[in-house]
> 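Let me give you the structure first, and then I'll get to my questions.
Atoms within each ligand, like the ligands themselves, are counted from 1 in listed order. Just so it is clear, the structure is predicted and the values come from calculations on it, not from any experiment. Below, each value reflects all heavy atoms present in this structure, side chains not excepted, and no hydrogens, waters or symmetry copies.
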Amino acid sequence: MNIPEIRKICCIGAGYVGGPTMAVMAQKCPHIRVVVVDVNEHKIAQWNDTNLDNLPVYEPGLKEVVKEARGRNLFFSTDMDAEIDNADMVFISVNTPTKTYGKGKGMAADLKYVELSARKIAEVATSDKIVVEKSTIPIRTAQAVRKILSNTGNGVNFQILSNPEFLAEGTAVNDLYNPDRVLIGGEESEDGKKAMEALASVYNNWIPKERILQTNIWSSELSKLVANAFLAQRISSINAISALCEKTEADVDEVAKAIGMDTRIGAKFLRSSVGFGGSCFQKDILNLVYISRFYGLDEVAYYWEGVLDINDYQKNRFADSIIIKLNNTLSDKKIAFLGWAFKKDTNDSRESAAIYVADRLMEDKGTIAVYDPKVSEKRMHDDINYLNTRDKEENDKLLQYYPDPYEAMKDAYAIAVLTEWDEFLDYDWQKVYDNMIKPAYIFDGRNILNHDKLRKIGFNVQGIGKKNK
Ligand SMILES: NC(=O)c1ccc[n+]([C@@H]2O[C@H](COP(=O)([O-])OP(=O)(O)OC[C@H]3O[C@@H](n4cnc5c(N)ncnc54)[C@H](O)[C@@H]3O)[C@@H](O)[C@H]2O)c1
């Protein structure tokens, strides 16, 4: 197969991964033409919007990157056929959600969009290409992609690489500038090695060689699922301990600090909270569980399932503590939510703990008044309607969007902190207190506020894994 120096890249999928990843790649490789394509015309129009505040993805530093590279060597387009065919290297960065139908429903990854992308490449390619799996996919997906691409009968050759993305939303630009490692998996053949080298040389424009790791393709595919499972497992581990802390007067932050100083354990990902969210952790663990079962490894499946069980337990525990404190009745009571995004510094709310906590409180007829600095009203309503717990009219009545945090908290019986946005620390909490129904409760699902100060004002404060004073 002819493997040229990479000059033209096309990425299928202009989402939270495809958009920022390609923007940084274009910024760092001005000699490479990078085109991001998507079937969603509206999204492509947003990426092309002259007002950079309208980009579909919010990430600190992203608009500056787009501003520099867009129109120079970074393009967003809906002309998929031409751009795919024109490229030396095609990234597949489409969504791989949990299946909602058929075999593997609720567990397995839905590879429909990956397959459609592979079929599109097979259909339109007239020259040899390196195809890179950037999406998170189950181990051995490359085999399925290869099957599609090697049966075109049109004489075009493909090399398939796995190059999972490890960026974290909220710090994506920084993570892309300075990744802990870049992982590239490929075939062990001569052409496979050349293809891996070609991709490594693209990254090597800004990432030192020693951080570019090359493995066999299956190790690379599996490593992404395993990395997310390990990260989520740490959160569930500390969250499990938070429940024990609440019963025993230990303080979860003190415990986390004490164990995190052990270099064998390390301090990162030990913050207790209302539970993890995001589009990846849950779906990737479900996928790992499904694959383990598929191979008859039931004990392995149970082990990882426990991580998700604790996460659900944590969200439910948090919601229930609000219901109990408010005398087991939320009817006609306003509960203010600070935050809807699954973490700070992103407008992404997929699988956010806020959705599930709100849903449980709405079951008790609570009125949820939400303020989030970046998540739109439409998105909040889409999130809650997606659960199908009650009809849309009821959801519209019970879930209310507030563009102003003070208005959201005015006349509320309780405040629940669901996202760790920095701005929450600087609110005029005396003013908030004065405008609330008494006793005024704060349920700090992120342990970010100054609890002692709030108690002095008069709030009744409940943190996660804290003694409830
Ligand atoms: N979001 C993260 O933090 C993150 C991090 C690492 C890896 N991942 C993985 O990366 C992949 C993409 O995630 P995301 O968050 O960017 O998803 P996303 O939903 O934000 O974006 C996916 C995009 O792909 C487009 N698309 C779907 N099918 C298409 C097709 N056939 N042709 C063209 N475009 C198509 C969609 O319209 C959408 O814009 C997933 O596999 C995910 O697990 C995500």
Side-chain angles (χ1 to χ4, degrees), residues 10-24 35-47 55-59 62 76-84 87 90-99 108-124 131-139 141 145 148 162-176 179-183 220-221 223-229 231-232 276-288 341-343 345-352 379 382:
C10 175
C11 173
I12 306 177
Y16 282 89
V17 170
T21 308
M22 291 300 127
V24 167
V35 185
V36 190
V37 296
D38 203 295
V39 282
N40 184 332
E41 288 177 13
H42 176 63
K43 201 175 269 189
I44 291 296
Q46 286 179 302
W47 280 112
L55 297 181
V57 172
Y58 171 74
E59 279 290 338
L62 179 61
F76 296 92
S77 167
T78 50
D79 191 359
M80 294 195 33
D81 294 12
E83 295 300 348
I84 290 170
V90 182
F91 286 78
I92 299 178
S93 188
V94 297
N95 37 330
T96 48
T98 304
K99 260 185 106 172
D110 191 345
L111 293 178
K112 181 168 111 186
Y113 307 107
V114 171
E115 177 163 346
L116 280 171
S117 304
R119 289 193 187 283
K120 175 59 85 182
I121 298 168
E123 176 197 327
V124 303
V131 174
V132 184
E133 299 171 340
K134 179 58 95 182
S135 297
T136 302
I137 30 88
I139 179 163
T141 300
V145 173
I148 293 168
S162 158
N163 173 224
E165 184 49 59
F166 293 99
L167 67 78
E169 287 179 34
T171 53
V173 173
N174 224 16
D175 296 343
L176 289 162
D180 289 339
R181 78 317 207 173
V182 166
L183 180 56
S220 173
E221 287 184 340
S223 295
K224 174 62 194 178
L225 292 185
V226 174
N228 275 351
L231 291 170
F276 59 75
S279 66
C280 293
F281 283 179
Q282 169 151 317
K283 91 169 160 63
D284 292 349
I285 293 180
L286 284 171
N287 193 357
L288 192 63
F342 84 93
K343 67 195 288 200
D345 292 335
T346 175
N347 60 348
D348 193 354
S349 60
R350 289 177 289 182
E351 291 298 328
S352 177
R379 186 122 188 196
D382 286 349

> Between F281 and F276, how do the two ring planes meet: parallel, tilted or perpendicular, split at 30° and 60°?
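Correct class here is perpendicular.
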> Within less than 4.0 angstrom of ligand 1, does R350 place any heavy atom?
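Yes, R350 has heavy atoms under 4.0 Å from ligand 1.
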> Return the residue, atom name and 0.1 Å-rounded distance of the protein heavy atom closest to atom 25 (C) of ligand 1.
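For atom 25 (C) of ligand 1, the nearest protein heavy atom is D38 OD2, 3.2 Å.
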> Find all atoms of ligand 1 within a distance of less than 4.0 Å from any non-hydrogen atom belonging to Y16, and give their numbers and elements.
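Those atoms are 1 (N), 14 (P), 15 (O), 16 (O), 20 (O).
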> Number the atoms of ligand 1 from 1 as they appear, then name those within less than 4.0 Å of a heavy atom of K283, with their elements.
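So the atoms of ligand 1 that pass are 42 (C), 43 (O).
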> Measuring from atom 26 (N) of ligand 1, which candidate in I12, V94, V114, D284 has the nearest non-hydrogen atom?
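Result: the heavy atom closest to atom 26 (N) of ligand 1 is in V94.
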> Backbone, side chain, both or neither: what part of P164 comes under 4.0 angstrom of ligand 1, heavy atoms only?
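Neither; no heavy atom under 4.0 Å.
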> Answer yes or no: is there an ion pair linking E133 with K224, defined by an N-O contact shorter than 4.0 Å?
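The answer is no: the pair does not qualify as a salt bridge.
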> Number the atoms of ligand 1 from 1 as they appear, then name those within less than 4.0 Å of a heavy atom of K43, with their elements.
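Heavy-atom distances to K43 below 4.0 Å select 38 (C), 39 (O).
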> For ligand 1, find out whether one of its N or O atoms is nearer than 3.5 Å to an N or O atom of L116.
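So ligand 1 has no N or O lying under 3.5 Å from an N or O of L116.
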> Decide whether an N or O pair under 3.5 Å exists between K134 and ligand 1.
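Checking ligand 1 against K134, no N or O pair falls under 3.5 Å apart.
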> With only distance considered, is K224 within less than 3.5 Å of ligand 1 through an N or O on each side?
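No, there is no polar N/O contact under 3.5 Å.
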> Looking at C280, which atoms of ligand 1 are within less than 4.0 Å of one of its heavy atoms?
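By the 4.0 Å cutoff, the relevant atoms are 2 (C), 4 (C), 8 (N), 43 (O), 44 (C).
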> May I ask you to list the atoms of ligand 1 that are less than 4.0 angstrom from any heavy atom of E169?
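Reading through ligand 1 atom by atom, the close ones are 1 (N), 2 (C), 3 (O).
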> Applying a 4.0 Å heavy-atom criterion (strictly less than), which segment of K120 is in contact with ligand 1: side chain, backbone, both, or neither?
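The answer is neither.
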> Determine, stepwise, if the pair F76 / V35 fulfils side chain to side chain contact (heavy atoms under 4.5 Å, CB included).
CA-CA 6 Å; F76 296 92; V35 185; over 6 Å; no
> Just going by heavy-atom distances, which of T136, T21, V36 is nearest to atom 9 (C) of ligand 1?
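Shortest heavy-atom distance from atom 9 (C) of ligand 1: T136.
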> Find all atoms of ligand 1 within a distance of less than 4.0 Å from any non-hydrogen atom belonging to M80, and give their numbers and elements.
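In order of numbering, the contacting atoms are 32 (N), 33 (C).
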> Any N/O of S93 closer than 3.5 Å to an N/O of ligand 1?
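It does not: no N or O of S93 is found under 3.5 Å from an N or O of ligand 1.
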> With K283, which of T96, T98, N95, D110 fulfils side-chain hydrogen bond (donor to acceptor under 3.5 Å, both in side chains)?
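Only one option passes, and that is T96.
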> Any side-chain heavy atom of T171 within less than 4.5 Å of one from D345?
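In short, these two side chains do not touch, never coming nearer than 4.5 Å.
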> Please determine if R350 and D382 form a salt bridge, counting it only when a charged side-chain N lies under 4.0 Å from a carboxylate O.
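No.
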> Looking at atom 16 (O) of ligand 1, what's its closest protein heavy atom, distance included?
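Protein heavy atom with the smallest distance to atom 16 (O) of ligand 1: V17 N, 2.8 Å.
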> Tell me the closest heavy-atom pair linking P20 and V57, and the distance in Å.
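Nearest pair, atom of P20 first, then V57: CG-CG1, 4.2 Å.
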> For the pair E123 and R119, find out whether any cationic side-chain nitrogen is under 4.0 Å from an anionic carboxylate oxygen.
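Between R119 and E123 there is no salt bridge, as every charged N stays at least 4.0 Å from the carboxylate O atoms.
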> Considering all heavy atoms of both residues, which atom of V37 and which atom of C10 are nearest to each other, and what is their separation?
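Heavy atoms only, the tightest pair is CG2-SG, 3.8 Å.
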